[in-house]
Enquirer: 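Pasting a structure below so you can have a look.
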Amino acid sequence: MTSSSSLPVAAVCQMTATPDKEANFSACTRLVEQAKEGGACMVFLPEGFDYIGSNREETLQLSESLDGDIVSRYSHLARKLDLWLSLGGFHERGHDWKTDRRIYNSHIIMNGQGELVSVYRKAHLFDVELTSKAVSLKESAFTVPGPRLVPPVQTPVGKVGLGVCYDLRFPELSSALRRHGAEILTYPSAFTVATGAAHWEVLLRARAIETQCFVLAAAQVGAHHAKRTSFGHALAVDPWGEVTGDCGGSDVGLTLVQIDLQRLRDVRRDMPVQQHRRDQDFYCSLD
């Protein structure tokens with residue numbers, strides 16, 4: 001798939017972040033350069049693209065603010081390659097960092113001039129104890145939930161609505177973004193192996209089908225450190241719910257997908273789900 005195609009191309013990436021920020025930046029730079037060579041105009045990187053810490057203290061200590069070194073390096077990269085970037089889960093020092101030492105899990109959209117166009121802070125935090133599956137994560141121990149949704153962003157591939165990882169399980173979020181004009185939903189993630197194997201693909205396809213949006217989900221894959229492994233399978237799904245790209249469950253890499261907004265318009269015209277929705281009061285009538 002090359003840039004000579006008339007349809008815009010998005011690159012959905014998969015990587016294995018570690019606590020080593022330099023190595024992670026190098027790995028992401030290679031993916032972004034590869035995406036550019038493949039004709040992409042926007043690149044989607046997963047949650048934790050900056051790093052995945054091995055404990056709470058390390059996670060906090062490695063965090064930065066939006067005007068710190070990591071964001072400025074990505075800004076330079078975006079500008080150099082003239083690419084839009086979805087940086088899907090940056091460990092951003094919270095507004096009260098000095099007093100409470102907690103962070104946001106922030107999804108940054110950057111344009112081809114390297115400017116921050118939008119920042120969404122993850123609203124639903126992963127506090128889950130699945131003893132039978134040996135899954136135990138308490139994101140709220142070091143993360144502040146984001147205060148609000150942000151409006152979908154006009155990008156070269158279409159209007160992108162922002163979520164992060166666990167947000168995928170809350171259809172209210174995707175339907176709100178759809179109501180506000182989203183054509184693409186994006187869920188950069190670091191799904192655990194147990195929950196990924198059970199729910200990852202079916203949830204992404206469900207979100208695509210019910211909103212009639214493209215869904216792009218960059219992902220972490222493999223072992224980050226001794227205590228944590230991610231499922232992989234970075235996916236692209238079309239508005240009919242068809243999987244159009246899958247990075248698999250083992251390797252770092254990317255999938256290039258053409259975003260055909262005419263296909264989206266056809267799907268919405270043929271089955272006008274949005275027009276068939278009742279007003280908000282109807283869905284609250286049992287409350």
Side-chain angles (χ1 to χ4, degrees), residues 13 15 17-29 31-32 35 42-53 56-126 139-156 159-167 173 177 184-190 216 218 220:
C13 299
M15 67 173 295
T18 68
D20 183 340
K21 288 163 84 170
E22 274 311 313
N24 298 333
F25 182 72
S26 300
C28 287
T29 300
L31 287 168
V32 173
M42 186 162 183
V43 184
F44 292 78
L45 289 169
E47 182 180 38
F49 69 93
D50 50 351
Y51 63 88
I52 289 183
R56 179 178 183 271
E57 214 25 67
E58 183 174 53
T59 299
L60 291 172
Q61 185 234 319
L62 292 171
S63 67
E64 297 184 17
S65 65
L66 289 175
D67 53 11
D69 178 58
I70 285 285
V71 173
S72 103
R73 288 164 82 171
Y74 277 97
S75 170
H76 178 75
L77 183 65
R79 203 163 51 242
K80 185 177 82 172
L81 297 174
D82 187 23
L83 276 177
W84 281 61
L85 299 177
S86 155
L87 304 171
F90 168 71
H91 297 79
E92 180 198 355
R93 294 198 164 177
H95 295 115
D96 301 316
W97 172 255
K98 286 192 169 62
T99 52
D100 83 345
R101 274 178 62 80
R102 291 206 296 163
I103 58 179
Y104 290 110
N105 188 339
S106 299
H107 184 164
I108 300 166
I109 300 290
M110 204 174 262
N111 68 17
Q113 282 76 58
E115 299 159 338
L116 269 61
V117 178
S118 186
V119 180
Y120 162 69
R121 296 175 174 98
K122 185 180 184 183
H124 302 97
L125 302 182
F126 191 73
E139 192 175 14
S140 67
F142 51 86
T143 306
V144 189
R148 66 185 67 86
L149 296 177
V150 300
V153 183
Q154 187 62 61
T155 77
K159 256 190 144 173
V160 177
L162 309 183
V164 179
C165 199
Y166 191 52
D167 285 334
L173 180 142
L177 292 170
I184 297 164
L185 299 172
T186 182
Y187 296 101
S189 295
L216 303 179
Q220 292 283 351

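Numbers for residues simply follow the sequence, beginning at 1.
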Enquirer: With side chains defined as the heavy atoms from C-beta onward, is the minimum distance between Val71 and Ile108 less than 4.5 Å?
Expert: yes

Enquirer: Does a side-chain heavy-atom distance below 4.5 Å link Ile103 with Thr59?
Expert: yes

Enquirer: Flag the pair Lys122 and Glu92 as a salt bridge only when some basic side-chain nitrogen lies within less than 4.0 angstrom of an acidic carboxylate oxygen.
Expert: no

Enquirer: Parallel, tilted or perpendicular: which describes the rings of Tyr166 and His124, with under 30° parallel and over 60° perpendicular?
Expert: perpendicular

Enquirer: Just by distance, with hydrogens left out, do Arg93 and Ser65 show a side-chain donor and acceptor under 3.5 Å apart?
Expert: no

Enquirer: State, with a plain yes or no, whether a side-chain heavy atom of Val160 is found less than 4.5 Å away from one of Trp84.
Expert: no

Enquirer: Check whether any side-chain heavy atom of Leu31 sits under 4.5 Å from a side-chain heavy atom of Met15, and report yes or no.
Expert: yes

Enquirer: Of all the heavy-atom pairs spanning Leu60 and Trp97, show the shortest one and how long it is.
Expert: O-CH2, 3.4 Å

Enquirer: Roughly how far, to the nearest 0.5 Å, is CZ of Arg79 from CD of Gln113?
Expert: 9.5 Å

Enquirer: Test His107 against Leu87 for side-chain contact (heavy atoms from CB on, under 4.5 Å), laying out the working first.
Expert: CA-CA 6 Å; His107 184 164; Leu87 304 171; 5.8 Å; no

Enquirer: Give, for atom CD of Glu58 and atom OH of Tyr51, the distance between the pair rounded to the nearest 0.5 Å.
Expert: 8.5 Å

Enquirer: Assess the residue pair Glu64 and Asp69 against the criterion (side-chain contact (heavy atoms from CB on, under 4.5 Å)); give the C-alpha distance rounded to whole Å, side-chain angles, the decisive distance to 0.1 Å, and a yes or no.
Expert: CA-CA 8 Å; Glu64 297 184 17; Asp69 178 58; 3.9 Å; yes

Enquirer: What is the distance from atom OH of Tyr120 to atom OG of Ser86, rounded to the nearest 0.5 Å?
Expert: 12.5 Å

Enquirer: Less than 4.5 Å apart, side chain to side chain, heavy atoms only: is that true for Leu85 and Ile109?
Expert: no

Enquirer: Return yes if some donor-acceptor pair links the side-chain N/O of Thr99 with the main-chain N/O of Asp96 below 3.5 Å, else return no.
Expert: yes

Enquirer: Side chains of Val43 and Cys13: does their closest heavy-atom pair fall under 4.5 Å?
Expert: yes

Enquirer: For the residue pair Gly48 and Ala17, what are the closest heavy atoms and their distance?
Expert: O-CB, 3.2 Å

Enquirer: So, for Ser118 and Val153, which heavy atoms are closest and what is the spacing to 0.1 Å?
Expert: CB-CG2, 3.6 Å

Enquirer: Would you indicate whether the side-chain heavy atoms of Val32 and Leu81 approach each other to under 4.5 Å?
Expert: yes

Enquirer: Heavy-atom distance under 4.5 Å between the side chains of His91 and Leu62, does that happen here?
Expert: no

Enquirer: Looking at OG of Ser63 and NZ of Lys21, how far apart are the two atoms once the value is rounded to the nearest 0.5 Å?
Expert: 7.5 Å

Enquirer: Between Thr18 and Asn24, what is the shortest heavy-atom contact and its length?
Expert: O-ND2, 2.8 Å

Enquirer: Could Arg56 and Glu139 be called an ion pair, given the rule that one side-chain N must be under 4.0 Å from one carboxylate O?
Expert: no

Enquirer: On the ring face of Tyr104, is Arg121 found with NZ or CZ under 6.0 Å from the centre and within 45° of the axis?
Expert: yes

Enquirer: Going from CE on Met42 to CG on Leu216, what distance comes out if it is rounded to the nearest 0.5 angstrom?
Expert: 8.5 Å

Enquirer: Donor-acceptor pair, distance only, cut-off 3.5 Å: does the side chain of Asn111 make one with the backbone of Glu115?
Expert: yes

Enquirer: State the CZ-NZ distance between Arg73 and Lys80, to the nearest 0.5 angstrom.
Expert: 11.5 Å

Enquirer: Tell me the closest heavy-atom pair linking Leu149 and Leu173, and the distance in Å.
Expert: CD2-CD1, 3.5 Å

Enquirer: What verdict does the side-chain contact (heavy atoms from CB on, under 4.5 Å) test give for Tyr187 and Val164, after you've listed the backbone C-alpha separation in whole Å, the side-chain angles of each residue and the deciding distance to 0.1 Å?
Expert: CA-CA 5 Å; Tyr187 296 101; Val164 179; over 6 Å; no

Enquirer: Work out which heavy atom in Ile52 is nearest to a heavy atom in Ala190; give both atom names and the distance.
Expert: CD1-CB, 4.4 Å

Enquirer: Assert yes or no for the condition that the ring centre distance of Tyr74 to Phe49 is strictly below 6.0 Å.
Expert: yes

